[in-house]
Student: 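Quick one: the structure is below, and I'll ask about it shortly.
Order of the sequence lines sets the chain letters (A, B, ...), proteins ahead of strands, with each chain counted from 1.
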There are 2 protein chains.
Amino acid sequence: MARSAAEPLRRAEIVQATIQEIGRTGTLEVTVAQIARRAGVSSALAHHYFGSKEAIFVAAMRHVLALYGAEVRGALAAAEGPRARAEALIRVSFSQSNFRREVIAAWLNFYVLAQTMPEAWRLLDIYRRRLDSNLRHALRPILGDRAAAVAASLGALIDGVYLREALKRTAPDRRGAAALVLGHFEAELARGDGGR
Amino acid sequence: MARSAAEPLRRAEIVQATIQEIGRTGTLEVTVAQIARRAGVSSALAHHYFGSKEAIFVAAMRHVLALYGAEVRGALAAAEGPRARAEALIRVSFSQSNFRREVIAAWLNFYVLAQTMPEAWRLLDIYRRRLDSNLRHALRPILGDRAAAVAASLGALIDGVYLREALKRTAPDRRGAAALVLGHFEAELARGDGGR
DNA sequence: GTGAATTAATTGACGCGTCAATCAAGAAAC
DNA sequence: GTTTCTTGATTGACGCGTCAATTAATTCAC
């Protein structure tokens, strides 16, 4: 059979173009034609591979979430001790590859997409659950019963920082964003007579 | 002239319908016809009064922000002392009228709107600036130099709680949301040897 | 190895639905 | 009887998804 490796390549290009277009416009109101043009293919091909515009968006979400998940695993593997694990989870959220204009814009719009697309909702819910779970796990040894509450707080704060970054005109300030959340973390540690 | 008080009335109805439709669909992808139908008028009338769909959205934003602003002023007026003022600012964000499904959904979508509409961006920027300013003012006497950082953290946390609430299927939990933010506030207070 | 056969990759054109905005005209108020 | 209020009908643009057809790659018979 005539099986070249074109399909996975094209799929990846289209997914990449989708994220960039969402980043450029800041909206989900991008046409399949725009995405296809940026990917250097025809809109018909995009439909051929993904079937629908919604499916293209879902693929883009999966890509972003997968990248994030992979970095999380890497960071956790390298972290020694509960506190380091919690800090690693925070830092990953503001890593070079995740805390970028297009990715931030994509996240914001994925939240909107989740309002109408069950599949998008499911994906975001998985992300949230996993982050909460990871945080609780890391915090339990140092914060005990307060672990759950602090995990929820840190999770919401990370999302909030993303949201606010989406409004800024300037380039994302990874260091500042991470410092803000880490500062919050330290305040909670200090209070709970944390692990110092 | 035939100037009954119809115009302001219709405008208010249309604005209200806009917020409800955004809440129902969770998106800005609502048609003028849908909004008009819910307001009990024709789509032509909506255009007659507002001129464009964008203008309708802006009016809806102004409404939400104005309501929030009014409650903030009321709460600040009633609060005695720096700490009470800060707590009042937090509580207002989760008040009965602000922390509702439709309003939360509207906020989320206003953030998206701000990506493409300068006017929407301006309005959101004013909101953020004012909240930061109010918080810094209240915190300065008890936290000194740390006031700015804690204000930024609290602001982002509030936005993050809104964002996460937008994903939930259940009715908004005002008490829980306020408790989460207030809990973090206390942690910062305890750390900075705050005002007790 | 060459040519026919088979399958994948890719596209241009376009139908069909949708929607924002306009317009011309009727109803109501004063 | 003029002005505001209101609408149904219309339109022009646009975008998703489809389809028939073309091109490129790979296999296989010999």
Side-chain angles (χ1 to χ4, degrees), chain A residues 1-22 24-61 109-110 112-113 115-120, chain B residues 1-22 24-61 109-110 112-113 115-120:
Chain A
M1 320 134 195
R3 165 155 299 278
S4 74
E7 171 158 355
L9 219 152
R10 289 283 175 268
R11 288 185 97 98
E13 284 172 346
I14 291 170
V15 160
Q16 204 54 45
T18 303
I19 295 167
Q20 286 174 358
E21 278 298 299
I22 294 177
R24 185 178 65 82
T25 64
T27 309
L28 292 175
E29 278 168 40
V30 290
T31 70
V32 174
Q34 285 172 336
I35 293 172
R37 182 160 353 115
R38 183 182 282 257
V41 299
S42 71
S43 69
L45 192 67
H47 275 101
H48 173 65
Y49 280 135
F50 290 94
S52 74
K53 187 182 183 179
E54 287 202 341
I56 295 176
F57 283 152
V58 168
M61 275 192 75
N109 282 284
F110 291 161
V112 173
L113 197 61
Q115 307 289 312
T116 46
M117 268 187 58
E119 181 67 4
Chain B
M1 323 130 202
R3 165 152 297 276
S4 67
E7 171 158 354
L9 216 147
R10 289 283 175 269
R11 289 184 96 98
E13 284 172 344
I14 291 170
V15 161
Q16 202 56 43
T18 304
I19 295 166
Q20 286 174 359
E21 278 298 300
I22 293 177
R24 184 177 66 80
T25 64
T27 309
L28 292 175
E29 277 167 40
V30 289
T31 70
V32 175
Q34 284 172 337
I35 293 172
R37 181 160 356 114
R38 183 182 282 258
V41 300
S42 72
S43 68
L45 192 67
H47 274 101
H48 174 64
Y49 280 133
F50 289 93
S52 74
K53 187 184 185 180
E54 286 203 341
I56 295 176
F57 283 151
V58 168
M61 275 191 77
N109 282 285
F110 291 162
V112 173
L113 197 61
Q115 306 289 313
T116 46
M117 268 186 60
E119 181 67 4

Student: Do A/Thr18 and A/Ile22 touch side chain to side chain, with heavy atoms closer than 4.5 Å?
Tutor: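 Yes; the side chains approach each other to less than 4.5 Å.
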Student: Rounding to a whole Å, what distance do you find between B/Arg37:CZ and C/dC19:C1'?
Tutor: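 B/Arg37 atom CZ is separated from C/dC19 atom C1' by 13 Å.
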Student: Between B/Phe50 and B/Arg11, is there a cation-pi geometry (under 6.0 Å to ring centre, at most 45° from the normal)?
Tutor: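 Yes, B/Arg11 lies over the aromatic ring of B/Phe50.
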Student: Check the distance between C/dA13's P and A/His47's NE2 and give it to me in whole angstrom.
Tutor: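 So the two atoms are 18 Å apart, to the nearest Å.
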Student: Measuring from the side chain of B/His48 (C-beta onward, heavy atoms only), which nucleotide among D/dG17, D/dT6, C/dA9 has the closest atom?
Tutor: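 Closest nucleotide among those given: D/dT6.
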Student: Nearest whole Å is fine: how far is D/dC14 C1' from A/Gln34 CD?
Tutor: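 For the pair A/Gln34 CD and D/dC14 C1', the rounded distance is 11 Å.
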Student: Between B/Leu45 (CG) and D/dC5 (P), how many Å, whole number?
Tutor: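 The distance from CG of B/Leu45 to P of D/dC5 comes to 9 Å, rounded to the nearest Å.
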Student: Counting C-beta onward and ignoring hydrogens, is there a side-chain heavy-atom pair between B/Glu13 and B/Arg38 closer than 4.5 Å?
Tutor: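 Heavy-atom side-chain distance check fails, nothing below 4.5 Å.
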Student: What's the CD1-P distance between A/Ile14 and C/dA9, to the nearest Å?
Tutor: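 Result: 12 Å.
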Student: C/dT10, D/dT7, D/dC16: which one has an atom nearest the side-chain heavy atoms of A/Thr31?
Tutor: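 Selected nucleotide (nearest to the side chain): D/dC16.
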Student: Can you tell me which nucleotide in C/dT10, C/dA21, C/dG12 comes closest to the side chain of A/Ala44?
Tutor: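 The listed nucleotide nearest to A/Ala44's side chain is C/dG12.
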Student: Side-chain N or O of A/Arg10 versus OP1/OP2 of C/dA8: is the shortest distance under 4.0 Å?
Tutor: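 Looking at the OP1 and OP2 atoms of C/dA8, neither is under 4.0 Å from any side-chain N or O of A/Arg10.
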Student: Do A/Thr25 and B/Gln115 have side chains that get closer than 4.5 Å, going by heavy atoms?
Tutor: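 With C-beta onward as the side chain, the pair stays apart.
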Student: With respect to the side chain of A/Ser42, which nucleotide from C/dT11, D/dG17, D/dT7 is positioned closest?
Tutor: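 Output: C/dT11.
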Student: Surrounding CD of A/Gln34 (heavy atoms of other residues, nucleotides or ligands, distance under 6.0 Å), is the total greater than 12?
Tutor: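 Result for CD/A/Gln34: enclosed.
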Student: For a quick check of understanding: with a heavy-atom distance under 4.0 Å over all strands, which category does A/Ser43 fall into, base, sugar-phosphate or nothing?
Tutor: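 If one applies the 4.0 Å heavy-atom cut-off, A/Ser43 turns out to touch nothing in the nucleic acid.
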Student: Would you mind reading off the distance between B/Tyr49 atom OH and C/dA20 atom C1', rounded to a whole angstrom?
Tutor: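 Distance check: B/Tyr49 OH to C/dA20 C1' gives 19 Å.
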Student: Rounded to whole Å, how long is the line connecting atom CD1 of B/Ile56 with atom P of C/dA21?
Tutor: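 Nearest whole value for this atom pair: 8 Å.
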Student: From D/dC16, C/dA21, C/dT11, pick the nucleotide closest to the side chain of A/Val32?
Tutor: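 Closest nucleotide among those given: D/dC16.
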Student: Specify the separation, in whole Å, of atom CZ of A/Phe57 and atom P of D/dG15.
Tutor: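 It is 13 Å, rounded to the nearest whole Å.
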Student: Looking at every strand, decide which applies to A/Phe50 at a 4.0 Å heavy-atom threshold: base, sugar-phosphate, or nothing.
Tutor: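 Nothing, no nucleic acid heavy atom in range.
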Student: As a test of reading the structure: which of C/dA21, D/dG17, D/dT18 is closest to the side chain of B/Lys53, going by heavy atoms?
Tutor: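 Of all the options, the side chain of B/Lys53 is nearest to C/dA21.
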